[in-house]
Asker: 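Mind having a look at this structure? Questions to follow.
The chains referred to below are lettered A, B, ... by the order of the sequence lines, with proteins before strands, and numbering in each begins at 1. Fair warning: this is a prediction, and the values are worked out from it, not measured in the lab.
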Amino acid sequence: MSELYIRVAEDENEEPMEIPSEDDGTVLLSSVAAQFPGACGLRYRNPESQCMRGVRLVEGVLHAPENEWGNLVYVVNYPKDNKRKMEEIDAASAVKVKRGFQKTSDLIVLGLPWKTSEQDLKDYFSTFGEVIMVQVKRDAKTGNSKGFGFVRFADYETQTKVITQRHMIDGRWCDCKLPNSKVCPDEPMRSRKIFVGRCTEDMTPDELRQYFMQYGEVTDVFIPKPFRAFAFVTFADDQVAQALCGEDLIIKGVSVHISNAEPKHNNIHQLFRNFPGGIASLATQMFGRSQYQSPSSHV
DNA sequence: GTTGAGCGTT
């Protein structure tokens, strides 16, 4: 029987780690890999030749040279270039973990003064958190600002904070919103926006905002004009919106009913979302044959 | 040389 542990290091000059051997004196590759993920073998420097030698590996079992592990330090082998790849994989997954729910998007900045530059934007928004992108949209010919731009933050918390307030930039009030291109018509809107039914005409947007603030950050209030007895309230947090759905709340002495906001009808697909058989069926009825392929049918 | 609700030349 050999020793209980052999000394293994990632590199000849690194501090060795003791890896347990089996009763028969062998060492399992899995034991090595448990401490050095991705390891595929061991090597060591032969004291006599001063050359590196490979350790015999048979079906996952490492065999001691000359039947004796001795006091040598064994160095971990990795698959060709695998070490770097593993680091890349780790880095990539770390990025994904960091993103996860926290992925930020470009925000559109509306209402910019004509004079505001990208540097001005960066200076202003940097007071909220790390800015990773700013843009001021300009006329291609004249170079004049179109009065809006975009900003992107490193952290989602910063984004949420920025969305939920107005911004005084170079003397004008500006709004930061998720761009329409980023707003999925289905889930996100449905989850963050509520439908407030049975509204009365004397309810103002500001009053609704004041009222719903008690539940969470309100990012938008919309009351159709002319009066239609309902309103939409959007929260920063979808969980707040979801928690309110189904409730009957009393605002200014009247009972309003809260439910999910149906997706806004931005395009033809949303407009005919609830049409029996879908839009293709509608096309069939209109034209007598199905010549329309909905984009959603080849996602 | 203008303007003030909106939505990004690639």
Side-chain angles (χ1 to χ4, degrees), chain A residues 99 102-156 158-196 203-209 217-228 230-238 241 261-273 295-296 299:
Chain A
R99 284 186 181 170
Q102 319 258 329
K103 191 164 183 281
T104 63
S105 353
D106 294 354
L107 302 179
I108 189 167
V109 189
L110 268 359
L112 288 176
W114 311 117
K115 54 170 277 199
T116 299
S117 68
E118 300 197 333
Q119 187 62 52
D120 294 333
L121 275 191
K122 176 141 195 199
D123 290 344
Y124 172 77
F125 284 115
S126 291
T127 63
F128 292 89
E130 186 187 349
V131 173
I132 59 178
M133 194 274 311
V134 285
Q135 279 181 319
V136 170
K137 289 302 169 188
R138 300 176 181 280
D139 182 273
K141 292 172 79 172
T142 66
N144 291 335
S145 168
K146 290 183 177 174
F148 72 95
F150 293 88
V151 62
R152 177 102 155 257
F153 294 95
D155 301 314
Y156 191 78
T158 312
Q159 169 170 314
T160 305
K161 169 80 175 165
V162 165
I163 288 180
T164 51
Q165 72 176 69
R166 302 253 282 158
H167 301 274
M168 178 59 77
I169 302 177
D170 289 339
R172 272 185 59 93
W173 284 111
C174 303
D175 292 304
C176 290
K177 301 177 178 174
L178 280 175
N180 289 337
S181 59
K182 288 291 176 192
V183 176
C184 173
D186 298 308
E187 203 43 46
M189 291 299 278
R190 189 171 296 183
S191 56
R192 280 170 36 220
K193 188 193 278 190
I194 57 171
F195 177 89
V196 185
M203 293 179 186
T204 68
D206 199 54
E207 283 171 336
L208 290 186
R209 180 179 287 270
E217 290 176 305
V218 175
T219 59
D220 189 55
V221 174
F222 180 82
I223 300 180
K225 280 179 285 195
F227 175 67
R228 291 214 275 162
F230 64 83
F232 293 103
V233 175
T234 308
F235 292 94
D237 187 347
D238 57 341
E262 288 294 322
K264 200 172 16 172
H265 290 171
N266 273 335
N267 59 41
I268 193 166
H269 296 287
Q270 293 164 25
L271 199 58
F272 294 105
R273 183 182 298 281
S296 60
V299 172

Asker: Using nucleotides 7-10 of chain B, report all nitrogen or oxygen pairs with the protein that are shorter than 3.5 Å.
Answerer:
{"unit_1": "B/dC7", "atom_1": "O2", "unit_2": "A/Asn180", "atom_2": "N", "d": "3.3"}
{"unit_1": "B/dC7", "atom_1": "N3", "unit_2": "A/Asn180", "atom_2": "N", "d": "2.9"}
{"unit_1": "B/dC7", "atom_1": "N4", "unit_2": "A/Asn180", "atom_2": "OD1", "d": "3.2"}
{"unit_1": "B/dG8", "atom_1": "O3'", "unit_2": "A/Lys137", "atom_2": "NZ", "d": "3.1"}
{"unit_1": "B/dG8", "atom_1": "N7", "unit_2": "A/Ser181", "atom_2": "OG", "d": "3.3"}
{"unit_1": "B/dG8", "atom_1": "O6", "unit_2": "A/Ser181", "atom_2": "OG", "d": "3.2"}
{"unit_1": "B/dG8", "atom_1": "N1", "unit_2": "A/Asp106", "atom_2": "OD2", "d": "2.8"}
{"unit_1": "B/dG8", "atom_1": "N2", "unit_2": "A/Asp106", "atom_2": "OD2", "d": "2.6"}
{"unit_1": "B/dG8", "atom_1": "N2", "unit_2": "A/Gln135", "atom_2": "OE1", "d": "3.3"}
{"unit_1": "B/dT9", "atom_1": "OP1", "unit_2": "A/Lys137", "atom_2": "NZ", "d": "2.9"}

Asker: Could you check whether any side-chain N or O of A/Glu118 sits under 3.5 Å from a backbone N or O of A/Val136, counting only pairs where one atom can act as donor and the other as acceptor?
Answerer: yes

Asker: Taking atom C1' of B/dG6 as reference, at what distance in whole Å does atom CZ of A/Phe222 sit?
Answerer: 14 Å

Asker: Select base, sugar-phosphate, or nothing to describe what A/Leu112 touches, counting heavy atoms under 4.0 Å on all strands.
Answerer: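 Here A/Leu112 touches the bases of the nucleic acid.
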
Asker: For A/Leu110 and A/Lys177, which heavy atoms make the closest approach, and how far apart are they?
Answerer: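 Residues A/Leu110 and A/Lys177, closest heavy atoms: CD2-CD, 4.2 Å.
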
Asker: Per the ring pair (Phe, Tyr, Trp, His ring centres under 6.0 Å) rule, what does the pair list look like for residues 119-144 of chain A, sequence neighbours excluded?
Answerer: A/Tyr124-A/Phe128, A/Tyr124-A/His167, A/Phe125-A/Phe153, A/Phe125-A/His167, A/Phe128-A/His167

Asker: Under 4.0 Å between a Lys/Arg side-chain N and an Asp/Glu carboxylate O for A/Arg192 and A/Asp237?
Answerer: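 Looking at A/Arg192 and A/Asp237, the cut-off is not met.
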
Asker: Any sub-3.5 Å donor-acceptor pair from A/Thr127's side-chain atoms to A/Asp123's backbone N or O?
Answerer: no

Asker: A/Arg172 CZ to B/dA5 C1': how many Å, rounded?
Answerer: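 The distance from CZ of A/Arg172 to C1' of B/dA5 comes to 10 Å, rounded to the nearest Å.
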
Asker: Would the distance check show the side chain of A/Asp120 and the main-chain N or O of A/Ser117 forming a donor-acceptor pair, the cut-off being under 3.5 Å?
Answerer: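 Flag set: sc A/Asp120 to bb A/Ser117 pair under 3.5 Å.
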
Asker: Between the side chains of A/Arg152 and A/Thr104, does any donor sit under 3.5 Å from an acceptor?
Answerer: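 A donor-acceptor contact under 3.5 Å links the two side chains.
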
Asker: Spell out, as yes or no, whether a donor-acceptor pair under 3.5 Å connects the side chain of A/Thr219 to the backbone of A/Thr234.
Answerer: yes

Asker: Would you tabulate the nitrogen or oxygen pairs shorter than 3.5 Å linking the protein to nucleotides 1-3 of chain B?
Answerer:
none

